[in-house]
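Throughout, a chain's letter reflects where its sequence line sits, starting with A, and its residues are numbered from 1. All values derive from a computational prediction rather than experimental measurement.
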Amino acid sequence: MLRSSTLFVRTLRDDPADAEVPSHRLLVRAGYIRRAAPGGYTWLPLGWRVLRKVEAIVRDEMDAMGAQEVHFPAMLPRDIYELTGRWEEYGDNLFRLKDRKGADFLLGPTHEEMFTLLVKDLYSSYKDLPVSLYQIQTKYRDEARPRAGLLRGREFLMKDSYSFDIDDAGLAASYNAHRDAYERIFTRLKLPYVIVKAMSGAMGGSASEEFLAPIEVGEDTFVRCTKCDYSANTEAVTTAVLSPDISSYASAAVIETPNCPTIASLVDFLNANNARTDRTWAASDTLKNVVLQLRHPDGSTEVLVVGVPGDRDADIKRIEAQVSPSEVEPLDEAGFAKHPGLFRGYIGPQVLGTTSSTGIRYLLDPSVVAGSEWVTGANVPGSHVLHLVNGRDFTADGTIEAVEVIAGDPCPSCREPLEIARGIEIGHVFQLGRKYADTLGLSVLDQNGKQVVVTMGSYGIGVSRAVASIAEVFHDDLGIKWPRAISPVDVHIVVTGKNGDDITIAGEKLGAELEAQGLEVLIDDRNGVSPGVKFKDAELIGIPTIVVVGKSLAEGNIELRDRHAGTNQAVPLANAVQRIVALVREG
RNA sequence: CGGGGUGUGGCGCAGUUGGUAGCGCGCCUGGUUUGGGACCAGGAGGCCGGGAGUUCAAGUCUCCCCUCCCCGACCA
């Protein structure tokens, strides 16, 4: 039985000034964690219990799906990360250190290399596969900006697992097994989640999904459909292509548009000098050509123009995700100087494209559909062209998802409006493919005696982050409200008597009986502490079931308080054990 | 890494034109209290983020560095 009188904890009456988000504030205030270093936290007894319970659920489900637990060192030699180029690639985010001989080491930010090499070390036949391995490990990343307590630290606990298969079908099965296990884990943790499509980045084609807990203080932005179950990271959203709204089939016509370098000035000019009869001109009638510069990994650069509807902004991050590993930036003055054919504000698709006069690659956002009609630059200062039809008057080199996704955009799956929300990434499942196996030489003999490169998946759950996310979801103004499965104990008994009186004796006896039934009990046995203080502490600490043994004992009752529901009911002491045990067992 | 803010006992804060540090909570002792963060009395606890400087004298002024928080960049 944990006793408040001796438990190593101190609750704070005031919010710590440096904590902004609720989970950070409450975990510190209730005595679960203490900051020990920039981005590093000490787990106090109550917090450590919660962390271990989350860990236990993760372990239980990983074991149940057939993955096997291993454990690597956190401190790893440089040469292994040199093999995949990640010693350099990871940049400043990697914690590096030297041993006494001057040899380089790092603190592992993730362990793909180690797992790959371990399997290579031990296995060499298709008969050994598939296999899934995992560990629950402290990870180190020298984040540019640790924040929000446990939500983004520089040292954190993560479950990472890796699957190894002989072929794509096997990988898909391993991937789905992990995905299912993750759903069970987050369900048991009572952590709400949405599974969003994520970018698979440079490797291309591989499936990648993130588990996000929809919480406002989260760092990830995602969209979800208000009607169907579509959801995606904003970078990974695909545009719903609608049929073009063609109002006329007039021929393209160049008109003079002096002093109209921006979309707004152009629209105003058209409405004043070239009004249409059916409606007014709008920004969405115009085609905006955004000039970008790609910086390729080899250091070379390439100018790229992206065409988007004039009422929408281009989302550089989204574009970048599709051209990764190349980097994207707007073309600067010096860049424009090298392309005299481009007149800023008057650029039109007639001079764009790899086969055009400029030879500049030209891509269109999918919302610029074939057959749609636009007002756009005439490639002469002070002139625009009307009725330019995609496919009739110009073509592009292809499409790229380019516009900034906004609330109300149509869902790619059902066309209903999308909404935008924030979330915390609590899990990620990813079909890695053969990237690591290739570079590290992990292959096995197949049934024909031929070497086959193994295909891998990698899967992560932020364990310490999950603790914070749960506190983020389950709290109120008074404190935390733990879900039963991960509460530091099952029952919090508040005894409001004085040492040695009937109330204290009854409370102690109840605690012992509950413990005999296998429950974990915290009893507030502090002497001389007023009931108000004990109630406040109990609410702050947030054990889901609070049992008050106090003045109602005179009528033979105890009080059963439900921290989640906020209810308080009198229960005869004689039935207390049975009632409480039933409550805890039913979860 | 850029912008803004911040740093004074465990926690929250005050500290004037430079004069040698204070309040509330918490903690200790004694007493009175005991159903919603009690009261009285007496205590302990601070290199005022670090360093350098100006000055007879620096929490306070100057310079450099660091921390934490927020926004952005970054983030398997």
Side-chain angles (χ1 to χ4, degrees), chain A residues 9-21 24-25 28-31 34-35 37-40 81 84 86 89-94 108-113 115 137 139-149 151-154 156 158-162 198-203 206 208-210 217 219-220 233 235 316-317 320-321 327 329 424-425 427-432 435-436 456-462 465 478-479 494-499 501 503-504 524 526-540 546 548-554 559 561 568:
Chain A
V9 69
R10 184 109 301 152
T11 57
L12 304 177
R13 186 180 294 227
D14 299 308
D15 285 333
D18 62 353
E20 191 77 12
V21 302
H24 186 197
R25 213 170 59 222
V28 170
R29 195 146 90 81
R34 299 288 295 175
R35 194 188 86 91
Y81 280 70
T84 48
R86 290 216 288 185
E89 242 175 59
Y90 240 98
D92 289 337
N93 268 22
L94 196 60
T110 168
H111 280 72
E112 277 85 358
E113 286 85 351
F115 275 88
Q137 244 280 4
K139 303 291 188 188
Y140 297 87
R141 292 182 198 172
D142 191 359
E143 297 284 350
R145 190 181 152 209
R147 60 175 290 271
L151 284 178
R152 176 171 295 280
R154 299 203 293 177
F156 56 96
M158 174 163 139
K159 188 286 302 176
D160 52 326
S161 44
Y162 305 84
M199 288 306 295
S200 39
M203 288 130 229
S206 315
S208 172
E209 291 171 296
E210 289 170 358
V217 301
E219 301 176 288
D220 291 275
N233 197 303
E235 287 171 15
I316 296 217
K317 278 189 78 169
E320 192 162 57
E327 292 169 12
E329 58 200 41
I424 298 173
E425 184 182 351
H428 195 162
V429 290
F430 186 20
Q431 296 193 15
L432 264 186
K435 176 183 164 161
Y436 286 93
M456 295 169 54
S458 88
Y459 319 88
I461 287 181
R465 180 182 277 186
L478 297 171
V494 173
V495 179
T496 63
K498 275 184 280 216
N499 266 1
D501 66 8
I503 288 173
T504 313
D524 195 339
R526 289 174 295 177
N527 196 34
V529 173
S530 71
V533 171
K534 293 186 176 184
F535 295 151
K536 289 287 184 196
D537 271 350
E539 282 148 357
L540 181 59
I546 299 168
V548 180
V549 182
K551 65 178 185 186
S552 57
L553 191 68
E559 292 160 47
R561 297 188 179 185
N568 183 11

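Between A:R561 and A:E539 there is a side-chain heavy-atom pair separated by less than 4.5 Å. Within the 4.5 Å cutoff, the side chain of A:R141 has heavy atoms near those of the A:T110 side chain. In this structure, A:T11 and A:R29 have side chains that are not in contact, with every pair of non-hydrogen atoms separated by 4.5 Å or more.
Stems are defined here as 3 or more consecutive Watson-Crick or G-U wobble pairs with pairing distances under 3.5 Å; those involving RNA chain B are B:1-5 with B:68-72, B:10-13 with B:22-25, B:27-32 with B:38-43, B:49-53 with B:61-65.
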Under 3.5 Å, which protein N or O atoms sit close to an N or O of nucleotides 25-28 of chain B? Give each pair with its distance.
residue : atom : partner : partner atom : Å
B:C25   : O3'  : A:R13   : NH2          : 3.4
B:C25   : O2'  : A:R13   : NE           : 3.2
B:G26   : OP1  : A:R13   : NH2          : 3.4

Provide a list of protein-nucleic acid N or O atom pairs under 3.5 angstrom, restricted to nucleotides 5-7 of chain B.
none

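Taking 4.0 Å as the cut-off between side-chain N and carboxylate O, A:E112 and A:K435 do not count as a salt-bridged pair.
Comparing B:U34, B:C11, B:C13 by their nearest atom to the side chain of A:L12 picks out B:C11. Taking only side-chain atoms of A:N93, from C-beta outward, the nucleotide of B:G35, B:C75, B:G12 with the closest atom is B:C75.
Counting atom types as modelled, A:D15 pairs no side-chain N or O with a base atom of B:G12 as donor and acceptor under 3.5 Å. In terms of polar N and O atoms assigned as donor or acceptor, the side chain of A:E539 never comes within less than 3.5 Å of the base of B:G37 in a complementary pairing.
With 3.5 Å as the limit, one finds no donor-acceptor pair spanning the side chains of A:D142 and A:Y140.
Residue-to-nucleotide proximity on RNA chain B shows that, of A:G460 and A:E559, the 5′-proximal contact is made by A:E559. Nearest-nucleotide positions on RNA chain B for A:Y459 and A:S552 put A:S552 closer to the 5' end.
Between A:S530 and the phosphate of B:A38, there is a side-chain N or O to OP1/OP2 separation shorter than 4.0 Å.
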